[in-house]
Colleague: 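This is the structure I have questions about; it appears just below.
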Amino acid sequence: MFKFAIHEEPLINELVCCTSEKTEDVKGVPKSLQKKNTVIIPNLDETQVVRHFHRLSQMNFGIDTGMYPLGSCTMKYNPKICEYIASWEKFACTHPYQDMSTVQGNLQIMFELERMLCEIAGMDYFCLQPAAGAHGEFLGLLLTRAYHKYNGDNERNEVILPDTAHGTNPASASMAGYKTIEIPSTNQGTIDLNALEKTLSEKTACFMLTNPNTLGIFESDILEVQKMVHKSGALLYYDGANMNAIMGKTRPGDMGFDIIHLNLHKTFSTPHGGGGPGSGPVGIKMKLEKFLPIPRICKNNDDEYIFDYDASESIGKIKSFYGNFSVLLKTYVYILMMGGNGLCQASEIAVLNSNYMKKKILDSGKYEMPFKNLRKHEFVLSCEKLKQEKDIRAMDVAKRLLDNGLHPPTVYFPLIVKEALMIEPTESESKKDLDKYIETLVKIADEKPDVVKNAPVNTPTKRLDEVSATKNQILTWKMI
Ligand SMILES: *Cc1c(COP(=O)(O)O)cnc(C)c1O
């Protein structure tokens with residue numbers, strides 16, 4: 001029976017359920033496996049279902065809706081052709097258990113991608129298995145441990161991090177069994193070489209670093225840092241989440257990093273947010289090769305691509321099969337399409353956009369920016385002045401941006417900036433869109449505190465009680 005209605009409310013309130021009769025004995029299915037209860041299935045016509053999901057999609061905000069300057073996340077526009085190619089049946093329908101001879105193309109893509117990433121990052125080898133940046137960090141630290149153990153250096157149980165580090169860095173280090181030591185940044189927002197010198201010891205396994213760091217500042221003392229770290233016998237780890245700032249300009253390998261991860265879902269064309277599949281390949285220098293996870297993709301004497309499991313010092317496997325292939329494929333297409341010059345240009349425009357926004361916002365005098373002025377692809381503002389003068393906090397500004405149809409920046413990170421707004425416009429945005437964002441931020445700073453503090457009012461959901469949402473999680477929904 002058709003039910004005719006215009007749904008103003010989410011469809012879920014209008015669910016018409018039909019209960020199926022208890023099924024007759026099904027031939028061949030053992031009684032113990034047959035359903036005992038009736039099944040409740042929503043009974044809806046196609047129009048209702050289409051409208052329901054279409055309405056839900058309209059309540060969402062994505063990079064295809066508008067600017068999404070979520071600092072450190074590189075929410076850039078991802079060309080649709082990458083999605084299109086990843087959806088080709090010949091790729092999408094391959095199965096990890098297929099005979100190797102039938103997936104030579106897939107293996108070739110991964111083999112060549114490893115080499116492309118080596119070239120871009122200045123590393124000797126890459127492992128494509130990790131499913132996210134944090135997973136890459138974890139692998140990097142397992143490699144660190146294997147390396148020191150192999151050298152009989154068993155006392156090294158400390159990982160040093162700057163206070164600007166992303167939260168996943170200390171978390172990964174702890175998961176890998178290390179003690180973490182945080183060192184403070186200088187008043188320029190960079191690594192304090194004296195503090196590093198004092199902290200490095202024969203117990204240091206690794207120093208983890210993001211460059212440019214999470215303030216968007218390039219660590220210009222990096223060559224000095226690498227000398228100090230290596231002199232102490234430790235390894236230098238590069239968190240590559242900010243690769244979008246430096247592609248084609250400089251390479252972590254050339255800066256002296258031993259291990260790096262890249263976030264393909266940030267820099268290399270996979271949409272993310274909402275927990276979609278990611279990829280955090282790990283690049284290493286020659287001295288760590290023998291510890292890499294298995295299988296490795298190689299070419300045999302007959303010029304065929306194979307998975308090689310023969311590695312006695314390998315740390316083993318860290319992901320089922322061989323990573324998230326569709327993400328790797330999109331990266332491969334993106335890199336080929338952009339070419340070396342294209343990638344370099346993407347970084348240049350990302351840095352230009354960020355500095356344009358930074359300058360215009362600071363010129364307004366409404367927001368401040370602690371630490372050194374020179375920034376790369378992102379910058380971190382402080383709403384401390386607004387808080388002191390009008391009791392408007394970073395979170396209030398973020399919520400008010402939603403009322404203006406704009407996605408907020410990252411808030412309250414990095415922790416060393418009070419009332420932080422971390423803005424990363426990426427290379428995707430036009431001057432017009434950057435100007436609109438700047439104008440809106442300036443306008444919000446001039447609004448009455450009540451208006452800003454009660455935002456958002458134009459969104460499907462009003463301000464959420466974030467503490468209750470974390471502490472009192474409701475993770476299932478029951479139909480009846
Ligand atoms: C995103 C990010 C990570 C973690 O990457 P995931 O892919 O989210 O696990 C690590 N460090 C920095 C600086 C990041 O921005």
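Both ligands and their constituent atoms are indexed starting at 1 by order of listing.
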Colleague: Taking D153 first and then R156, would you say they form a salt bridge - that is, a charged N and a carboxylate O separated by under 4.0 Å?
Modeller: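 Salt bridge flag = yes for R156 with D153.
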Colleague: Pairs of donor and acceptor atoms involving the side chains of residues 140-150, under 3.5 Å and at least two apart or interchain, shall be tabulated with distances.
Modeller:
unit_1 : atom_1 : unit_2 : atom_2 : d
T144   : OG1    : G140   : O      : 2.8
R145   : NH1    : A176   : O      : 2.6
H148   : NE2    : A205   : O      : 2.8

Colleague: Using the ring centroid of each side chain, check whether H261 and Y238 are separated by less than 6.0 Å.
Modeller: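 H261 vs Y238: aromatic centres not under 6.0 Å.
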Colleague: So, using salt bridge (Lys or Arg N to Asp or Glu O under 4.0 Å) as the criterion, who are the partners of K76 when residues are at least two apart?
Modeller: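 Once residues adjacent in sequence are excluded, the partners of K76 under the salt bridge (Lys or Arg N to Asp or Glu O under 4.0 Å) criterion are E427.
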Colleague: Distance-only criterion, 3.5 Å: show the donor-acceptor pairs between side-chain atoms of residues 116-125 and protein atoms not counting sequence neighbours.
Modeller:
unit_1 : atom_1 : unit_2 : atom_2 : d
D124   : OD2    : M286   : N      : 2.7

Colleague: Between Y97 and F321 (judged by ring centroids, cut-off 6.0 Å), do the two rings come close enough to count as a pair?
Modeller: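 Here the rings of F321 and Y97 have centres that are less than 6.0 Å from each other.
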Colleague: Identify the protein atoms, limited to N or O, that lie within less than 3.5 Å of an N or O atom of ligand 1, and list each pair with its distance to 0.1 Å.
Modeller:
unit_1   : atom_1 : unit_2 : atom_2 : d
ligand 1 : 5 (O)  : N263   : ND2    : 3.0
ligand 1 : 7 (O)  : G133   : N      : 2.7
ligand 1 : 7 (O)  : N263   : ND2    : 3.1
ligand 1 : 7 (O)  : H265   : NE2    : 2.6
ligand 1 : 9 (O)  : G133   : N      : 3.3
ligand 1 : 9 (O)  : A134   : N      : 2.8
ligand 1 : 11 (N) : D239   : OD1    : 3.3
ligand 1 : 11 (N) : D239   : OD2    : 2.5
ligand 1 : 15 (O) : S72    : O      : 2.9
ligand 1 : 15 (O) : S72    : OG     : 2.5
ligand 1 : 15 (O) : K266   : NZ     : 2.8

